[in-house]
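What follows is a set of notes on a single structure, which appears directly below.
Each residue takes its place number in the sequence, starting with 1. Side chains are part of it too, since the values below use all heavy atoms of this structure and drop only hydrogens, waters and symmetry mates.
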Amino acid sequence: QAQLVESGGGSVQAGGSLRLSCAYSGRTYSGYAMGWFRQAPGKEREFVAAITGSGRSTDYADSVKGRFTISRDNAKNTVYLQMNSLNSEDTAVYFCAARYYSDSSSDPRDYKYWGQGAQVTVSS
């Protein structure tokens, strides 16, 4: 059984930055692709970013491209989401997720394990 725990959420003013962390424990981590998703009130969960098991390839939603960076440290079993130039539309609960395969995906149905979520609130 795998467990994912997010941290680093909080409140920030528009234009500010936050870094989310997702600590992974359980089954082999280094081979798993990891993703970040978010869900705002009244909206469906949406893809934010993903990274392959090796960490050599990343993918981003158009809405965050150029502002967010996903990375991973397999030695620490942790994946990160650096968020810069935040705006009010980034306000949401952010979830990290892991899938059994090394190639990444933007479809939440492809991910097996999920964290509990971290609230990010951006005020204008």
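- Screening residues 40-74 for disulfide bond (SG atoms under 2.5 Å apart), with sequence neighbours left out, gives no hits.
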Exercise. Step by step, work out the side-chain contact (heavy atoms from CB on, under 4.5 Å) result for Ser17 and Asn84.
Key: CA-CA 4 Å; Ser17 299; Asn84 299 328; 2.9 Å; yes
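- The shortest side-chain heavy-atom distance between Trp36 and Val79 falls under the 4.5 Å cut-off.
- Contact record, Gly117 with Val93: CA-CG1, 3.8 Å, taken as the closest heavy-atom pair.
- Around atom CD of Glu46, more than 12 heavy atoms belonging to other residues, nucleotides or ligands sit under 6.0 Å away.
- Taking both residues in full, the closest heavy atoms of Gly53 and Arg72 are given as CA-NH1, 3.3 Å, listed atom of the first, atom of the second, then distance.
- Annotation for Leu86 and Arg67: closest pair CA-NH1, 3.9 Å, computed over non-hydrogen atoms.
- One finds the CE atom of Met34 at 11.5 Å from the OH atom of Tyr113 (value rounded to the nearest 0.5 Å).
- Cluster membership check: Tyr101 shares its hydrophobic cluster with Ile51, using side-chain heavy-atom separations under 4.5 Å among Ile, Leu, Val, Met, Phe, Trp and Tyr.
- In terms of heavy-atom proximity, Ala14 sits nearest to Ser124 at CB-CA, 4.1 Å.
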Exercise. Assess whether side chain to side chain donor-acceptor pair (under 3.5 Å) is satisfied between Arg99 and Tyr111, documenting all intermediate values.
Key: CA-CA 4 Å; Arg99 65 191 303 255; Tyr111 290 79; 5.2 Å; no
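- For the atom pair CZ of Arg45 and CZ of Arg38, the computed distance is 13.0 Å after rounding to the nearest 0.5 Å.
- Put simply, the side chain of Cys96 does not reach to within 4.5 Å of the side chain of Tyr24, judged on heavy atoms.
- For residues 47-90, the ring-ring contact (aromatic ring centres under 6.0 Å, His included) pairs, not counting sequence neighbours, are Phe37-Phe47.
- Between Val122 and Thr91 the shortest heavy-atom distance is N-OG1, 2.9 Å.
- Few gaps surround CD on Gln116; more than 12 heavy atoms of other groups in view lie less than 6.0 Å from it.
- With hydrophobic clusters built from ILVMFWY side chains whose heavy atoms lie under 4.5 angstrom apart, Tyr94 shares a cluster with Leu4.
- Atom CG of Asp59 sits about 7.5 Å away from atom OG of Ser57, to the nearest 0.5 Å.
- Closest of all the heavy-atom pairs between Ser104 and Ala33 is CA-CB, 3.7 Å.
- Residues Asp90 and Met83 have side chains not in contact (no heavy-atom distance under 4.5 Å, counting atoms from C-beta outward).
- Counting heavy atoms of neighbouring residues, nucleotides and ligands inside a 6.0 Å radius, atom NZ of Lys43 does not exceed 12 of them.
- Checking each of Ile70, Leu20, Val64 against Val48 for a side chain to side chain contact (heavy atoms under 4.5 Å, CB included) leaves exactly one that passes, namely Val64.
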